[in-house]
Amino acid sequence: MIIVMQENATREQIDHVFERVRELGYNVHPIYGKQRTVIGAIGDERGKFRLKSLESVPGVESVIPILKPYKLVGRELKKEKTVVRVGEDVAFGSKQFVIIAGPCSVESREQIIETAERVKKAGARMLRGGAFKPRTSPYSFQGLEEEGLELLAEAREKTGLKIVTEVITPQDLPLVSSYADVLQVGARNMQNFALLKQIGQLDKPVLLKRGLSATINEFLMSAEYILSEGNRNVILCERGIRTFETATRNTLDLSAVPLILKMSHLPIIVDPSHGTGVPDLVAPMSKAAAAAGADGVIVEVHSNPETALSDGEQSLDPDAFDRLVGALKPILKAEGRTL
Ligand code: PEP
Ligand code: MN
């Protein structure tokens, strides 16, 4: 339920409502707007009508149900867009179109530092790189694990780029979050609810990728798991879904971008690399993502794609990435966005 406070409600009245909501067995999720405070009372759906009695409490204007299954992620409770900040220079959900770039996997010091320096020079704001890799085959390269995280930290030190890297299991979470600026939850883990709940207890930003066969509703419900534990810093990522089409690795569902922007206040970015699997499609789909209103892109770039240990076939080399950023600039300018 949403408890809408009157514009002139006092701090004491708001605190009193918090107390009453908790007594009724619900969690309190306040949103402090410019005009008024609204309070999300989230919990067991079955007893929600008891909350209706709070309408007679001083300072309360109305108590209304949240109709959608995703309560905290939806626009019903929070109308203004969420801005997820990473350090001082990065703001997902703002006018800035955030470009994240880097290799699929961290492979060596030379590879990650060279790639980081090139993507930084081209205009990327963040560096990506997997240290724990969820591979389809158990015989494929699984990542450098902690050594990979150390190399990412070195690249951050050298370039100033913040880093996003994937966490695969709840057990790895303390280690990965001690290095990462943004935790990536991969497509294959989108419904790993144990992992989502643990990440929800941190306040570190999370990049949540859409599952391979997940509907938009399921995607938003996964984000709801993270927010329901308290972490509101979620960035969504459309990365393509499974369809009958085999000419591309996945079918990039760009219509999900404007749709999700309507349904949710969370920022959403696009991954044209996994979304298509075809290097020549990465720049056109990045431009289309910007035109569709995405808050950024995450692009696989490798200093030498031919030698890559994972996803080399879809990675751009640094020169192609330079051209991609160049092609994006006029579109962003026309839309009043910055890099
Ligand atoms: C990745 O980002 O390298 C990755 C494995 O992505 P996804 O989880 O979207 O497949
Ligand atoms: Mn990859």
Side-chain angles (χ1 to χ4, degrees), residues 98-107 111-112 115 119 124 126-138 140-145 148-149 151-152 163-169 172 176 180-192 195-196 199 205-214 216 218-219 222-223 226 234-243 248-254 256-257 260 268-279 281-282 285-286 289 294 296-317 321:
V98 181
I99 303 181
I100 307 172
C104 181
S105 306
V106 182
E107 297 165 5
Q111 173 242 19
I112 194 68
T115 309
V119 300
M126 286 187 61
L127 177 67
R128 63 150 291 148
F132 291 85
K133 293 303 300 178
R135 304 304 302 281
T136 300
S137 163
S140 300
F141 175 59
Q142 304 283 311
L144 294 181
E145 303 189 344
L149 296 172
L151 294 175
L152 279 170
I163 54 183
V164 55
T165 194
E166 180 162 354
V167 58
I168 293 178
T169 68
D172 296 332
V176 178
D181 299 298
V182 175
L183 290 163
Q184 178 172 323
V185 176
R188 289 155 193 80
N189 264 319
M190 188 204 82
Q191 286 188 316
N192 182 340
L195 180 63
L196 300 179
I199 287 177
V206 188
L207 180 66
L208 177 66
K209 299 187 89 175
R210 181 175 180 182
L212 280 73
S213 303
I216 288 173
E218 288 163 342
F219 188 21
S222 288
I226 300 172
V234 175
I235 306 145
L236 302 168
C237 179
E238 163 58 43
R239 49 77 74 204
I241 49 174
R242 279 275 163 85
T243 69
T248 47
R249 180 175 178 183
N250 290 292
T251 296
L252 186 63
D253 181 11
L254 280 178
V257 172
I260 286 176
I268 176 163
I269 68 167
V270 169
D271 176 346
S273 302
H274 294 87
T276 65
V278 182
L281 301 186
V282 173
M285 289 302 100
S286 298
V297 283
I298 179 166
V299 177
E300 283 188 341
V301 180
H302 193 289
S303 48
N304 183 6
E306 264 179 50
T307 64
L309 297 179
S310 63
D311 285 351
E313 64 290 347
Q314 70 191 28
S315 299
L316 300 186
D317 64 28
F321 181 66

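For this chain, numbers begin at 1 and follow the sequence in order. Order of appearance sets the numbers: ligands from 1, and atoms from 1 within every ligand.
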Please assess E218 against Q191 for the test side chain to side chain donor-acceptor pair (under 3.5 Å), listing each intermediate value before the final yes or no.
CA-CA 8 Å; E218 288 163 342; Q191 286 188 316; 4.7 Å; no
Begin from the C-alpha positions of I241 and R210 and carry the test side chain to side chain contact (heavy atoms under 4.5 Å, CB included) through to its verdict.
CA-CA 8 Å; I241 49 174; R210 181 175 180 182; 3.5 Å; yes
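Of all atoms in ligand 1, listed by their number and element, those nearer than 4.0 Å to a heavy atom of G186 are 8 (O). Which parts of ligand 1 touch E300 is read off a 4.0 Å heavy-atom cut-off, strictly below it: atoms 3 (O). Listed by atom number, the atoms of ligand 1 under 4.0 Å from Q184 heavy atoms are 1 (C), 2 (O).
Residue L127 comes nearest to G102 through the heavy atom pair CD1-CA, 4.1 Å, listed as atom of the first residue, atom of the second, then distance.
Here the N, O or S atom of E300 that is nearest to the Mn ion (ligand 2) is OE2. When the Mn ion (ligand 2) is compared with the N/O/S atoms of D311, atom OD2 turns out nearest.
The protein atom (non-hydrogen) at minimum distance from atom 6 (O) of ligand 1 is K209 NZ, 2.9 Å. Of the protein's non-hydrogen atoms, H274 NE2, 3.5 Å is the one closest to atom 4 (C) of ligand 1.
Remark: side-chain polar atoms of Q142 are not paired, donor with acceptor, to backbone N or O of L144 under 3.5 angstrom. Proximity of a side-chain donor or acceptor of T248 to a complementary backbone N or O of T251 within less than 3.5 Å is not detected. Distance alone, capped at 3.5 Å, places no donor-acceptor pair between the K133 side chain and the S140 backbone.
Between D311 and ligand 1, no N or O atom pair is found at a separation short of 3.5 Å. For R239, a nitrogen or oxygen atom sits less than 3.5 Å from a nitrogen or oxygen atom of ligand 1, counting backbone and side chain alike. Between A187 and ligand 1, at least one pair of N/O atoms sits closer than 3.5 Å.
Side-chain contact of D311 with H274: a donor-acceptor pair under 3.5 Å is present, judged by distance alone.
At least one heavy atom of C104 sits under 4.0 Å from some atom of ligand 1.
Taking CG from L281 and OG from S273, the interatomic distance works out to 10.5 Å, rounded to the nearest 0.5 Å.
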